[in-house]
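All remarks here apply to the structure that follows.
Since the model is a prediction, treat every value here as computed from it, not as a measurement. Counting begins at 1 with the first residue of the sequence. Computed from heavy atoms alone, side chains included, the values below leave out hydrogens, waters and symmetry copies.
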Amino acid sequence: LWTSFGLLTPVGRIHASHSIPGLVRHGAHGIAGLTFLTAISGAFVAGLDAGLLYPQFPYMGNGLVPEEYFDHSPTWKNFFENGAAVQFNHRLLATLTWTSVVCYWLYTRRMSLPPATRTALHALFGMANLQVLLGLTTLLYH
């Protein structure tokens with residue numbers, strides 16, 4: 001989305017971000033950071049085939065947190081090599097990212113923002129929902 005909006009928006013309008021409140025800009029940066037972390041954790045899930053361990057949602061076995069979360073020693077290895085922990089971390093980050101996007105979208109809905117910003121916010125909301133749908137469908141039906 002970021003690249004396509006950069007290509008579609010004239011250069012003069014890109015630098016007109018002074019009309020966008022600081023809280024909206026900072027929120028966008030925070031969501032971008034969360035999205036990056038979620039994507040990185042998704043790469044760990046894919047690399048370990050961790051999505052195959054618990055193909056149900058929201059539970060992972062008998063609870064929300066898998067029983068094998070801290071099975072590896074030393075403890076820090078669980079975050080990178082333990083499939084159950086990696087899948088849980090990705091679920092947690094994805095849920096946090098989606099919740100942040102929804103709250104951000106709801107917060108900015110009543111603000112007076114430029115049309116391009118409004119379009120970007122609606123696209124962000126739509127893409128976040130599409131990504132959650134894709135992720136859950138892959139988890140449940142793979």
Next item on the list: Kindly give the heavy-atom pair with the smallest separation between Ala50 and Gly83, and that separation in Å.
Entry: CB-O, 3.3 Å
Note to self: Using a 6.0 Å cut-off, check whether atom CH2 of Trp105 has over 12 heavy atoms from anything other than its own residue.
What the structure shows: yes
Notebook entry, point to check: Which distance, rounded to the nearest 0.5 Å, do you find between the CD of Glu81 and the CG of Leu48?
Noted result: 8.0 Å
Check: Would Phe36 and Leu92 show up in the same hydrophobic cluster when neighbours are defined by side-chain heavy atoms closer than 4.5 Å?
Finding: yes
Next item on the list: Find the distance between CG (Leu106) and CZ (Phe125) and round it off to the nearest 0.5 Å.
Entry: 7.0 Å
Checklist line | Gap separating the OG1 atom of Thr119 from the CG atom of Leu124, nearest 0.5 angstrom | finding: 12.5 Å
Notebook entry, point to check: Can you name the ring pair (Phe, Tyr, Trp, His ring centres under 6.0 Å) partners of Phe44, sequence neighbours left out?
Noted result: Phe80
Notebook entry, point to check: For the residue pair Leu34 and Leu96, what are the closest heavy atoms and their distance?
Noted result: CD2-CD2, 3.8 Å
Next item on the list: Give a yes or no on whether the backbone of Leu134 and the side-chain of Thr137 come within a donor-acceptor separation of less than 3.5 Å.
Entry: no
Item checked: Asn89, Val86, Leu139 screened by side chain to side chain contact (heavy atoms under 4.5 Å, CB included) with Val45, the one that passes -> Val86
Next item on the list: Find the distance between CG (Asp71) and NZ (Lys77) and round it off to the nearest 0.5 Å.
Entry: 13.5 Å
Note to self: Angle between ring planes, Tyr69 versus Phe88, binned at 30° and 60°: parallel, tilted or perpendicular?
What the structure shows: perpendicular
Item checked: Backbone of Gly42 reached by a side-chain donor or acceptor of His90 within 3.5 Å -> yes
Next item on the list: Please name the pair of heavy atoms, one in Val132 and one in Trp98, separated by the smallest distance, quoted to 0.1 Å.
Entry: CG2-CD1, 3.3 Å
Item checked: CZ on Arg91 to CD on Gln87, rounded to 0.5 Å -> 4.5 Å
Notebook entry, point to check: Is the backbone N or O of Thr75 less than 3.5 Å from a side-chain atom of Asn78, with the two atoms forming a donor-acceptor pair by type?
Noted result: yes
Check: Which heavy atom in Ala128 sits nearest to a heavy atom in Val101, and how many Å separate them?
Finding: CB-CG1, 3.6 Å
Margin query: So, taking the atom named CD1 in Ile40 and the one named CG in Leu93, what distance separates them when rounded to the nearest 0.5 Å?
Written below: 11.0 Å
Item checked: Side chain Tyr104, main chain Val24, donor-acceptor under 3.5 Å -> yes
Pair up each side-chain donor or acceptor in residues 53-65 with any protein partner under 3.5 Å, not counting sequence neighbours, and list the distances.
from  : atom 1 : to    : atom 2 : distance (Å)
Tyr54 : OH     : Glu68 : OE1    : 2.4
Tyr54 : OH     : Glu68 : OE2    : 2.8
Asn62 : ND2    : Glu67 : OE2    : 3.2

